[in-house]
Amino acid sequence: MESILQGGHNEFVKRLAVLLEDVLYIVISDTDKELIIANRKYASHIFEYIYIVLDEVKCSVAQLWWKQVLWKLVLWTRLLGIKGKSTYEDQQQIALSLFLWNQLTLARIEGKLPAWEGIRLVREHVT
């Protein structure tokens, strides 16, 4: 896998190799936490590539395989209840939002981001 990622292959092959590596990590995950992290990384890469491919589709240079991947964006938007988004720019914004949400969640799960999503109670001394 490293030879593909380091070699002089085109970006399409490198993206496929990254996705394959993500799927392999999902398969070999031993604990629930490892499985969740592997799934999040896979989803983040999918959303990242969808964002990139939407630019390529606008310029009509996207490869057929990447055009077929775009259905995943449609699936996610339906699952999240987002309707009426049809332009490439809107779809790119949705992919970017899902990518960022996945990255934040992943950082929180891995312990790289402190908890911030709760209420903080502070006791002050009054003099």
Side-chain angles (χ1 to χ4, degrees):
M1 194 66 65
E2 285 298 317
S3 63
I4 293 174
L5 295 175
Q6 301 296 327
H9 302 284
N10 66 18
E11 289 299 312
F12 176 73
V13 173
K14 289 181 183 180
R15 290 175 190 159
L16 283 177
V18 169
L19 291 177
L20 178 60
E21 185 177 35
D22 289 341
V23 170
L24 291 174
Y25 279 126
I26 290 170
V27 171
I28 64 170
S29 297
D30 291 329
T31 64
D32 288 339
K33 184 176 180 180
E34 287 178 359
L35 180 62
I36 291 169
I37 290 171
N39 279 318
R40 290 277 177 207
K41 287 183 179 182
Y42 175 73
S44 290
H45 284 128
I46 288 290
F47 295 133
E48 176 187 359
Y49 298 157
I50 288 172
Y51 182 84
I52 293 168
V53 168
L54 282 167
D55 266 342
E56 295 174 356
V57 167
K58 282 192 293 189
C59 300
S60 297
V61 295
Q63 296 189 13
L64 179 61
W65 189 88
W66 288 113
K67 290 179 183 179
Q68 294 170 351
V69 166
L70 291 179
W71 72 268
K72 290 189 180 200
L73 178 62
V74 173
L75 175 65
W76 275 95
T77 56
R78 288 182 183 158
L79 288 173
L80 295 175
I82 302 170
K83 297 179 182 176
K85 303 286 185 178
S86 60
T87 65
Y88 288 126
E89 290 81 12
D90 290 337
Q91 290 175 349
Q92 266 190 314
Q93 187 59 45
I94 292 168
L96 180 62
S97 297
L98 291 169
F99 171 77
L100 293 175
W101 178 78
N102 251 334
Q103 289 296 332
L104 283 172
T105 306
L106 185 60
R108 181 69 185 102
I109 291 170
E110 291 177 333
K112 296 177 182 175
L113 186 66
W116 53 268
E117 65 274 338
I119 298 172
R120 182 176 177 172
L121 302 176
V122 179
R123 181 178 290 178
E124 292 183 14
H125 294 286
V126 179
T127 57

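Just so you know, these numbers come straight off a predicted model, no measurement behind them. Below, all heavy atoms of this structure are taken into account, side chains as well, without hydrogens, waters or symmetry copies. Quick note: residue numbers are just sequence positions, from 1.
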- NZ/NE/NH1/NH2 to OD/OE distance under 4.0 Å, K41 and E21: no

- Query: Between atom CD1 of I109 and atom CZ of R40, what is the distance when rounded to the nearest 0.5 Å?
  - Reply: 5.0 Å

- Task: Using the rule that two of Ile, Leu, Val, Met, Phe, Trp, Tyr join whenever any of their side-chain heavy atoms come within less than 4.5 Å, decide whether I46 and L35 are in one cluster.
- Result: yes

- Query: Shortest non-hydrogen contact from A95 to Y51?
  - Reply: CB-N, 4.2 Å

- Task: Find out if a path of hydrophobic residues (ILVMFWY) with successive side-chain heavy-atom gaps under 4.5 Å connects Y42 to I37.
- Result: no

- Taking only residues at least two apart or on different chains, which pairs with a member in residues 22-34 satisfy side chain to side chain donor-acceptor pair (under 3.5 Å)? D22-H45

- Item | Partners meeting side chain to side chain donor-acceptor pair (under 3.5 Å) with E48 (sequence neighbours left out) | none

- Rounded to the nearest 0.5 Å, the CD1 atom of I36 sits from the CG atom of N39 at a distance of 8.0 Å

- Query: Checking side-chain contact (heavy atoms from CB on, under 4.5 Å) against S44, which of W101, Y49, F99 comes through?
  - Reply: F99

- Message: So, applying side-chain contact (heavy atoms from CB on, under 4.5 Å) with F47, which one of I52, L100, L98 is it?
- Response: L98

- Is V23 reachable from I50 through a run of I, L, V, M, F, W or Y residues, each pair having side-chain heavy atoms under 4.5 Å apart? yes

- Out of curiosity, does L106 fall in the hydrophobic cluster containing L104 (side-chain heavy atoms, cut-off under 4.5 Å, transitive links)? no

